Amino acid sequence: MKARTQKLFLIPYYLWIALFVIAPILLIVYYSFLDIYGNFTLKNYRRFFSPVYLEMTLTSFWYALLITLFCLIVAYPTAYLLTRTRYKQLWMLLIIMPSWINLLLKAYAFIGIFGAHGMANALLEVLGIGSRQILYTDFSFIFVAVYIFIPFMILPIFNALDKLDKTYIDAAMDLGASRWQTFLRVIFPLTLNGVKSGCQVVFIPALSLFMLTRLIAGNRVITLGTAVEQQFLVNQDWGMGSTIAVFLVIIMFIIVALSERGVRNGKKAKN
Amino acid sequence: MAKKQKIDFASIYLFIVFLILYLPIFYLIYYSFNSGGKMYNFDSFTLEWYRELFGNTRMLIIVLNTIIIALLSAAFATIIGVCGAIGIWLMKNRISRQTVLSLNNILIVSPDVVIGASFLLLFTIAGIKLGFTSVLLAHIAFSVPIVVLMVLPKLQELPQSIIDAAQDLGASHWGVFTKVILPLITPGIFAGFFMALTYSLDDFAVTFFVTGSGFSTLSVEIYSMARRGVSLEINALSTILFVITILLVIGYYFIVSKQNNGQGARLGARK
């Protein structure tokens, strides 16, 4: 009886997995072997391993790495300080709230702020530095990306810090560790899982951003995501687009496997 | 003395983080009242852009579409997700359970462009015309896993004793499900529905791929408007969306805290 009810519950869910998880991945792999005319070919893969695409992959990685790193640098202290405030859940809600404002609207706001006559340049004028081109630079792209992803980095770190048993910190202090040692040897290792999931949540989307590169970086930065969009919707070369997507999927699996293994090891160590 | 200084540094740091988080949003709102028509040089106060927005039937239809898609997709995703969570919860075999969960999480960690591109392939192969149906299906598809992740912990928290008690007292399977399990996991279901709603409202990349030419959601429309340049109608729209978001957050916060209070009271009574 129980087995039958279970099957009943799983029918719609398995249908979803088959249609929207497995089938799309298979389709991407299948299309990556087709040229524009629908003939079987390995040309797409050869093209991907050409210097142009390899360089693009590397730049894409580099930008995603920078974005993740800056997110982490800003997010960790923020999460740490937030756990020590009164009403921390309310403050956390306020951190999350901007992530519910449509992404495009926030990107659009930065077109205004970083524009030639925008607030950032007005500020630079006041400081005596003088206005300069901010929009369509690497700086603006990374800044806006960090801005957009920061709540997603703060949240897991905050949760990890919040769950941290305070007695460990007291113990470390009692045993004579300095604040810095306590942080490096006790707090940070114990919240590493939060950091890992934060990095995972930021790095993968950062690798495949495409509307920010168009709106904020003015097509100067081409990420793997931009390339997929370009091939699919502009060039109509679905084969090449699928090939790049295949590599994005492979990268994704590697990152997830890495961070999951870390999480499991962490759990084992804790037990 | 030293402690006081540290607190001050903390407050300043958090103040700057919050300032930067909210600045773009208030920047948009501020200039939505600018009669000058630009996102700099505030001329004088006007409601012209709001009037223009409300006179723009095309935009109003798009807003309506976006809301309908969000509500429908969240509802369907919640149903499928709850079924899936219950099915996974009932699984006895640890390995198959882990496999299903991994499949579940693929769409959560997949880059948006890959989801969008693969769904575009899927809908094209299946012969589904790009438009309302394809966008709705895509939104249901990418919201299902988050519902599962919100509901599953609630199921795992259920004490087996309560279910045993209900069965001992003669409740049927259906009775246990509707009278015991469902009420106890309602907070998780609500949270899942709410997350699905925000996923749908916030999505740009996936929709951009599967929307076709006749149908548009807010994100896609904002993107194409922003690419054409600054239009204060977008600012007016973002003000309205921000107010709605705040109302939703306050509403959600009250529901959640009320539920927690209720639960706390019940647990307290049991003790």
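The figures that follow rest on heavy atoms only: side chains count, while hydrogens, waters and symmetry mates do not. These numbers come from a predicted model, not from an experiment. We name chains A, B, ... by the order of the sequence lines, and we start the count at 1 in each one.
A 4.5 Å side-chain heavy-atom check between B:Leu28 and A:Lys106 finds every atom pair outside the cut-off. Contact annotation: the side chain of A:Leu94 approaches that of B:Tyr22 to within less than 4.5 Å [non-hydrogen atoms, C-beta and beyond]. A 4.5 Å side-chain heavy-atom check between A:Ile95 and B:Phe18 finds at least one atom pair inside the cut-off. Using a 4.5 Å heavy-atom threshold, the side chains of B:Leu120 and A:Leu233 count as touching. Contact of the A:Pro98 side chain with the B:Ile25 side chain is registered, since non-hydrogen atoms from C-beta on lie closer than 4.5 Å. Between A:Ile101 and B:Leu241 the shortest side-chain heavy-atom distance does not fall below 4.5 Å. Looking at A:Trp238 and B:Thr124, their side chains come closer than 4.5 Å, going by heavy atoms from C-beta outward. Residues B:Phe204 and A:Asn102 are not in side-chain contact: their nearest non-hydrogen atoms beyond the backbone lie 4.5 Å or more apart.
Contact count against chain A (heavy-atom pairs under 4.5 Å) is highest for B:Val109 among B:Val109, B:Ile125, B:Thr245. No other option in B:Ala126, B:Ala85, B:Pro145 has as many heavy-atom pairs under 4.5 Å with chain A as B:Pro145. Between chain B and the options A:Ile11, A:Ile22, A:Leu93, the largest number of non-hydrogen pairs under 4.5 Å is found for A:Leu93. Looking only at heavy-atom pairs under 4.5 Å with chain A, the residue among B:Ile115, B:Val144, B:Ile140 that has the most is B:Val144. By number of non-hydrogen pairs under 4.5 angstrom with chain A, the leading residue of B:Asn105, B:Ile234, B:Leu122 is B:Ile234. Of the residues considered (A:Ile150, A:Val246, A:Leu82), A:Leu82 shows the highest number of contacts with chain B, using heavy-atom pairs under 4.5 Å. Among B:Phe242, B:Trp89, B:Phe209, the residue making the largest number of heavy-atom pairs under 4.5 Å with chain A is B:Phe209. Taking chain B as the reference chain and counting heavy-atom pairs below 4.5 Å, the highest number among A:Val228, A:Leu248, A:Ile113 is found for A:Ile113.
For the atom pair CG of A:Leu15 and CD1 of B:Ile80, the computed distance is 8.5 Å after rounding to the nearest 0.5 Å. Rounded to the nearest 0.5 Å, atoms CG (B:Leu103) and CD1 (A:Ile17) are 5.0 Å apart. In this structure, B:Leu201 CG and A:Trp100 CH2 are separated by 11.5 Å, a value rounded to the nearest 0.5 Å. Within the model, atoms CG of A:Leu19 and CG of B:Leu137 stand 9.5 Å from one another, a figure rounded to the nearest 0.5 Å. With values rounded to the nearest 0.5 angstrom, B:Leu21 atom CG is found 8.5 Å from A:Thr78 atom OG1. The distance from the CG atom of A:Leu81 to the OG atom of B:Ser11 is 8.5 Å, given to the nearest 0.5 Å.
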Could you please spell out the steps behind the side-chain contact (heavy atoms from CB on, under 4.5 Å) verdict for B:Asp112 and A:Phe210? CA-CA 9 Å; B:Asp112 287 351; A:Phe210 77 90; over 6 Å; no

I'd like to know whether A:Ile244 forms a side-chain contact (heavy atoms from CB on, under 4.5 Å) with B:Val113, so could you lay out the CA-CA distance, the side-chain angles of the two residues, the decisive distance to 0.1 Å, and finally the verdict. CA-CA 10 Å; A:Ile244 305 167; B:Val113 261; over 6 Å; no

Show the numbers, then the answer: is there a side-chain contact (heavy atoms from CB on, under 4.5 Å) between A:Ser208 and B:Val114? CA-CA 8 Å; A:Ser208 58; B:Val114 173; over 6 Å; no

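Heavy-atom contacts from other residues, nucleotides or ligands closer than 6.0 Å to NZ of B:Lys38 number 12 or fewer. Atom OH of A:Tyr30 has 12 or fewer neighbouring heavy atoms from other residues, nucleotides or ligands inside a 6.0 Å radius.
Looking at B:Val100, the atoms closer than 4.5 Å to chain A (heavy atoms on both sides) sit in the backbone and in the side chain alike. For B:Asn104, the parts sitting under 4.5 Å from any heavy atom of chain A are the backbone and the side chain alike. When heavy atoms are compared at a cutoff of 4.5 Å, B:Thr66 does not approach chain A at all. Only the side chain of A:Gln200 comes within less than 4.5 Å of a heavy atom in chain B; its backbone stays farther off. Heavy atoms of B:Ile20 lying under 4.5 Å from chain A belong to its backbone as well as its side chain. When heavy atoms are compared at a cutoff of 4.5 Å, A:Val74 approaches chain B by way of both its backbone and its side chain. Both the backbone and the side chain of B:Ser110 come within less than 4.5 Å of a heavy atom in chain A. Looking at B:Phe123, the atoms closer than 4.5 Å to chain A (heavy atoms on both sides) all sit in the side chain, from C-beta outward. For B:Ile88, the parts sitting under 4.5 Å from any heavy atom of chain A are the backbone and the side chain alike. Neither the backbone nor the side chain of A:Pro205 comes within contact range of chain B, judged by heavy atoms closer than 4.5 Å. There is no contact between B:Met225 and chain A, counting heavy-atom distances below 4.5 Å. Looking at B:Val17, only its side chain comes within 4.5 Å of chain A, counting heavy atoms on both sides. Contact annotation for B:Tyr13: only side-chain heavy atoms (C-beta onward) come within less than 4.5 Å of a heavy atom of chain A. For A:Thr85, the part sitting under 4.5 Å from any heavy atom of chain B is the side chain, from C-beta outward, and nothing else. Only the side chain of A:Phe143 has a heavy atom closer than 4.5 Å to any heavy atom of chain B. For B:Leu107, the part lying under 4.5 angstrom from a heavy atom of chain A is the side chain only. Within the 4.5 angstrom heavy-atom criterion, atoms from both the backbone and the side chain of B:Phe208 approach chain A. The parts of A:Met211 that come within reach of chain B are both its backbone and its side chain, each placing non-hydrogen atoms under 4.5 angstrom from that chain. Residue B:Tyr223 touches chain A through both its backbone and its side chain, counting heavy-atom pairs closer than 4.5 Å.
Aromatic ring centres of A:Trp16 and B:Phe76 lie farther apart than the 6.0 Å criterion allows. For an aromatic pair to be called close, the ring centres must be under 6.0 Å apart, and A:Phe20 with B:Phe142 fails this.
Not one N or O on the side chain of A:Tyr13 forms a donor-acceptor pair closer than 3.5 Å with the backbone of B:Gly81. A donor-acceptor contact shorter than 3.5 Å links the side chain of B:Tyr27 to the backbone of A:Met119. Put simply, the side chain of A:Tyr108 gets close to the backbone of B:Ser231: a donor and an acceptor are under 3.5 Å apart.
Of all heavy-atom pairs spanning A:Ala109 and B:Pro24, the tightest one is CB-O, 3.5 Å. Residue A:Leu104 comes nearest to B:Ser219 through the heavy atom pair CG-O, 3.7 Å, listed as atom of the first residue, atom of the second, then distance. Minimum interatomic distance between B:Gly84 and A:Leu10 (heavy atoms only, all atoms of both residues): O-CD2, 4.2 Å.
Aromatic ring pairs are classed by plane angle as parallel below 30°, tilted from 30° to 60° and perpendicular above 60°; the pair B:Phe177 and A:Phe9 is tilted.
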